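Below is one structure, written out as structure tokens; comments come after it.
Not measured: the values here are computed from a predicted model.
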Amino acid sequence: MTTQHQPVDTGGGTALLTEPSTQDSRPGGPIVAGRSPARMAWRRIRRDKVTTAALAATVLFIVIALLAPVLTALTSWGPITPDNKAINPDTGNFPYGSLGGISAQHLLGVEPGTGYDLFARIVYGLRTSLYVGFASAVLSTVVGVVAGLAAGYFGGWVDSLLSRVMDVMLAFPQLLFIIALTPVIQNALQTNTHGGTDENLRLLVLVLNIAVFAWAYTARLVRGQVLSLREREFVDAARLMSAGRRHILFRQLLPNLWAPILISFALAVPQNITTEAALSYLGVGVIPPNPDWGALLSDASQFFLQDPMYLFVPGVLLFLLVLALNLLGDGVRDALDPRARRG
């Protein structure tokens with residue numbers, strides 16, 4: 001058995017760690033084994049307890065959202081299945097019992113007036129929040145990466161045009177324009193026979209509206225990175241070897257941009273989730289009775305004085321979800337770029 005040296009992250013660089021190895025040593029000395037940047041980043045994430053806890057919480061939220069039909073089947077109540085027997089008409093349509101009607105049948109209580117099971121509505125509302133947050137982040141990231149690559153690499157009038165478009169998009173008050181545009185587009189795309197808008201179409205419009213105003217942040221970041229990378233030696237070498245633009249863009253530049261792209265994506269997801277919740281709270285996002293955390297908070301504000309549990313449960317869960325995603329995004333940033341780590 002020989003001795004093998006492996007790199008160890010020291011925060012600002014890489015050191016060599018001597019470990020036993022079963023490989024035969026060369027006559028000239030021990031074998032030096034390298035470690036990829038991805039493995040080193042994963043090692044840093046595992047060492048950070050806060051980031052590890054945030055990752056575990058994020059995975060838990062995703063699993064709950066994916067298993068929403070299974071979880072609600074165990075309680076026998078769907079998100080829009082009313083339980084009229086749980087409502088007490090003598091108390092202003094509030095449920096029987098305390099703490100919002102929490103019982104063995106309704107784990108988080110019952111919504112006043114409608115009789116909807118709050119556990120089912122919260123679980124399905126989580127699916128909506130995660131779908132809008134991740135889908136809009138993916139779309140805005142793809143558009144931003146393409147625009148940033150084109151602006152940074154081609155330069156000239158292409159860079160000038162795309163940069164001005166980015167400036168215009170960044171100058172827009174995002175939330176106000178989404179509030180104004182979303183109901184107009186949704187009303188123009190009424191698809192079902194009842195005169196309303198199909199819920200899947202509403203979510204798609206919501207995703208598109210959020211992505212339209214969010215891609216410029218990623219594009220500006222990618223453009224700056226490309227402007228720095230396009231003058232590097234490996235790009236010049238690719239040009240000297242008669243490599244085409246597609247090869248330089250997607251085989252030389254793009255692999256060196258994964259770190260800022262992943263960081264931008266990780267930080268965009270919680271921002272998009274809070275935007276979606278705010279829109280639904282204001283009545284221009286997901287329309288009741290379809291479940292959504294923003295809509296639940298809006299409805300719960302009416303009953304806060306009678307029973308604060310209706311506002312407490314979805315509010316705390318939304319806070320924990322956004323907090324976990326933000327901490328995970330910060331951890332990914334620190335893992336991929338140790339020099340930017342907070343002191």
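- Nearest heavy-atom pair across G133 and N272 is O-ND2, 3.6 Å.
- By the 4.5 Å heavy-atom criterion applied to side chains, L317 and W293 are counted as neighbours.
- Interatomic distance, CD of Q302 versus CG of D299, reported as 5.5 Å (0.5 Å rounding).
- Both L130 and V269 belong to a single network of hydrophobic side chains, linked directly or stepwise wherever heavy atoms of I, L, V, M, F, W or Y lie under 4.5 Å apart.
- Taken from CZ in F319 to OG1 in T274, the straight-line distance is 13.0 Å, to the nearest 0.5 Å.
- When side chains are defined from C-beta on, D334 does not count as touching I45, because their heavy atoms never get closer than 4.5 Å.
- For R223 (side chain) and G148 (main-chain N/O), no donor-acceptor pair under 3.5 Å exists by modelled atom type.
- Remark: T275 engages no residue in a side-chain hydrogen bond (donor to acceptor under 3.5 Å, both in side chains) (not counting sequence neighbours).
- Closest of all the heavy-atom pairs between L267 and N326 is CD2-O, 4.4 Å.
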Show, in sequence, the C-alpha distance, side-chain angles and deciding distance for T72 and W77, and conclude whether the side-chain contact (heavy atoms from CB on, under 4.5 Å) test is met. CA-CA 6 Å; T72 54; W77 296 103; over 6 Å; no
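- Within the 4.5 Å cutoff, side-chain heavy atoms of L204 are placed close to those of L208.
- Residue A54 comes nearest to L327 through the heavy atom pair CB-CB, 3.8 Å, listed as atom of the first residue, atom of the second, then distance.
- Note: F213 and F177 have tilted aromatic rings, judged against thresholds of 30 and 60 degrees for the angle between ring planes.
- Here the shortest heavy-atom pairing between V222 and G144 reads CB-O, 4.5 Å.
- Contact check for V142 versus T218: no side-chain heavy atoms found under the 4.5 Å cut-off.
- Side chains of T75 and F119 form a contact here, defined as non-hydrogen atoms less than 4.5 Å apart.
- To the nearest 0.5 Å, atom CD1 of residue I62 and atom CG of residue L67 are 12.0 Å apart.
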CA sep, side-chain torsions, deciding dist, call: F61, L320, side-chain contact (heavy atoms from CB on, under 4.5 Å): CA-CA 10 Å; F61 277 116; L320 292 176; 4.2 Å; yes
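- Atom OH of residue Y281 and atom CG of residue L296 lie 12.0 Å apart, to the nearest 0.5 angstrom.
- A continuous path of hydrophobic side-chain contacts links V59 to L66 [ILVMFWY only; heavy atoms under 4.5 Å].
- The OG atom of S264 sits 12.0 Å away from atom CZ of R333, with the distance rounded to the nearest 0.5 Å.
- Nearest heavy-atom pair across A147 and W215 is CB-CZ3, 3.8 Å.
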Should V226 and L249 be marked as a side-chain contact (heavy atoms from CB on, under 4.5 Å) after you check the CA-CA gap, both sets of side-chain angles, and the distance that decides it? CA-CA 9 Å; V226 173; L249 285 172; 5.8 Å; no
Run the numbers on E276 and T128 for side-chain contact (heavy atoms from CB on, under 4.5 Å), then give the verdict. CA-CA 9 Å; E276 182 274 329; T128 302; 4.1 Å; yes
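- Looking at L221 and I261, their side chains never come closer than 4.5 Å, going by heavy atoms from C-beta outward.
- Inter-residue side-chain proximity for M166 and L162 is flagged as met; some heavy-atom pair is nearer than 4.5 Å.
- For the residue pair L279 and I179, the shortest heavy atom distance occurs at CD2-CG1, 3.5 Å.
- Following chains of ILVMFWY side-chain contacts shorter than 4.5 Å, one can reach L311 starting from V322, so the two form part of one hydrophobic cluster.
- In this structure, R230 contributes its side chain and Y153 its backbone to a donor-acceptor pair below 3.5 Å.
- By the 4.5 Å heavy-atom criterion applied to side chains, L149 and L257 are counted as neighbours.
- Each of V146 and I248 belongs to its own hydrophobic cluster when Ile, Leu, Val, Met, Phe, Trp and Tyr are linked at side-chain heavy-atom distances under 4.5 angstrom.
- Between R121 and D292, none of the side-chain N atoms (NZ, or NE/NH1/NH2) sits under 4.0 Å from a carboxylate O, so this pair counts as no salt bridge.
- Sparse packing is recorded around CZ of F312, with 12 or fewer heavy atoms of other residues, nucleotides or ligands lying under 6.0 Å away.
- Of the possible donor and acceptor atoms, one in the side chain of S140 sits under 3.5 Å from a partner among the backbone N and O of A137.
- Of the possible donor and acceptor atoms, one in the side chain of S301 sits under 3.5 Å from a partner among the backbone N and O of S298.
- Once rounded to the nearest 0.5 Å, the distance linking CZ of R232 with CG of L229 reads 6.0 Å.
- When the side chains of ILVMFWY residues are joined at heavy-atom separations under 4.5 Å, either directly or via intervening members, L126 and Y124 end up in two distinct hydrophobic clusters.
- Between the side chains of R46 and T52, no donor-acceptor pair of N or O atoms lies under 3.5 Å.
- A donor-acceptor distance shorter than 3.5 angstrom exists from the side chain of N256 to the backbone of Q252, with no hydrogens or angles considered.
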